[in-house]
Amino acid sequence: MSSSVTPRRRMSGIGRVLVVVYGILALGAFGRSLVQIIERFDHAPLAFTLSAVSATVYIVATLALIFAGSRVWYRVAWVTISFELVGVLVIGTLSLIRPDLFPEATVWSFFGMGYLFIPLVLPFLGIWWLVKHPPVTSDSTKDAAVQVAS
């Protein structure tokens, strides 16, 4: 009797919600940084550059989560989401203790307060999701098939 194991869908439930939220944040951060850079870059170059960096991180993280079934994209997801977490913690802290560095808010200022603290919560959810949903490889599928057959 042969047994086949079908890998569970990665983009269901919380995974789908994460991708949607990351996508919305990517669009919001990109739009915000583009307008800020075009209209008044000389007023707050550090803040506006950091907003552009965060937009790039959110765009890459969104793609990485969509394609995280691949080992390469899974690693990219870990890197971008970890970078995001460090960024929001560092910039959030700096914006509190050295507000003079940020005459205008970034996406990560005050831990994402301008975005309802979603930038603070999102990387923790992303890391949790990555831990719970490692990429399915042919070896792990084969091991699962052996366990099911036993």
Side-chain angles (χ1 to χ4, degrees), residues 5-144:
V5 174
T6 57
R8 62 181 178 216
R9 290 191 58 206
R10 297 183 61 77
M11 283 299 110
S12 62
I14 189 72
R16 196 172 281 171
V17 171
L18 277 173
V19 167
V20 168
V21 173
Y22 267 101
I24 290 169
L25 210 50
L27 289 172
F30 176 76
R32 175 186 185 150
S33 67
L34 185 64
V35 168
Q36 290 173 327
I37 289 170
I38 290 171
E39 290 184 351
R40 53 191 199 283
F41 182 75
D42 57 334
H43 177 64
L46 176 62
F48 299 156
T49 300
L50 287 171
S51 285
V53 167
S54 68
T56 304
V57 168
Y58 289 128
I59 291 166
V60 175
T62 301
L63 292 171
L65 286 171
I66 290 170
F67 300 115
S70 149
R71 284 187 175 274
V72 171
W73 279 107
Y74 183 77
R75 287 186 188 126
V76 171
W78 267 104
V79 169
T80 54
I81 293 172
S82 298
F83 182 86
E84 171 197 6
L85 178 59
V86 170
V88 75
L89 293 175
V90 169
I91 301 306
T93 302
L94 282 175
S95 65
L96 290 174
I97 62 173
R98 289 285 313 273
D100 57 301
L101 293 175
F102 306 98
E104 297 262 349
T106 73
V107 174
W108 293 336
S109 292
F110 305 105
F111 305 103
M113 184 171 68
Y115 288 83
L116 305 173
F117 297 103
I118 292 170
L120 178 61
V121 175
L122 202 55
F124 289 104
L125 291 175
I127 288 170
W128 171 83
W129 188 85
L130 289 171
V131 167
K132 294 293 186 182
H133 298 86
V136 178
T137 64
S138 58
D139 292 339
S140 64
T141 304
K142 203 182 303 178
D143 292 342

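Just so it is clear, the structure is predicted and the values come from calculations on it, not from any experiment. We're numbering straight along the sequence, starting at 1.
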Could you state the interatomic distance from [atom1] ([X]) to [atom2] ([Y]), rounded to the nearest 0.5 Å?
X	Y	atom1	atom2	value
L34	F30	CG	CZ	5.0 Å
F48	D42	CZ	CG	9.0 Å
L122	I81	CG	CD1	7.5 Å

Give the minimum heavy-atom separation between [X] and [Y], together with the two atoms involved.
X	Y	result
Y58	E84	CE2-OE2, 3.1 Å
P123	P119	CD-O, 3.0 Å
P134	V131	CD-O, 3.6 Å
A52	S33	N-CB, 3.5 Å

Show your reasoning for whether side-chain contact (heavy atoms from CB on, under 4.5 Å) applies to T62 and L18.
CA-CA 8 Å; T62 301; L18 277 173; over 6 Å; no

Show your working on side-chain contact (heavy atoms from CB on, under 4.5 Å) between F102 and L50 and close with a plain yes or no.
CA-CA 10 Å; F102 306 98; L50 287 171; 3.6 Å; yes

Could you list the donor-acceptor pairs under 3.5 angstrom formed by side chains in residues 89-97, with sequence neighbours left out?
residue, atom, partner, partner atom, Å
T93, OG1, L89, O, 2.7
S95, OG, I91, O, 3.1
S95, OG, G92, O, 2.8
S95, OG, F110, N, 2.7

So do the side chains of [X] and [Y] get within less than 4.5 Å of each other, counting heavy atoms only?
X	Y	answer
V60	F83	no
Y74	H133	no
Q36	S51	yes
W129	L65	yes
Y115	R32	yes
F41	T49	yes
I66	Y22	no
L85	F124	yes

So, using side-chain hydrogen bond (donor to acceptor under 3.5 Å, both in side chains) as the criterion, who are the partners of S109 when residues are at least two apart?
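For S109 the side-chain hydrogen bond (donor to acceptor under 3.5 Å, both in side chains) partners, ignoring immediate neighbours, are T106.
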
Side chain to side chain contact (heavy atoms under 4.5 Å, CB included) partners of P103, counting only residues at least two apart:
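For P103, the residues satisfying side chain to side chain contact (heavy atoms under 4.5 Å, CB included) (neighbours in sequence not counted) are H43, A44.
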
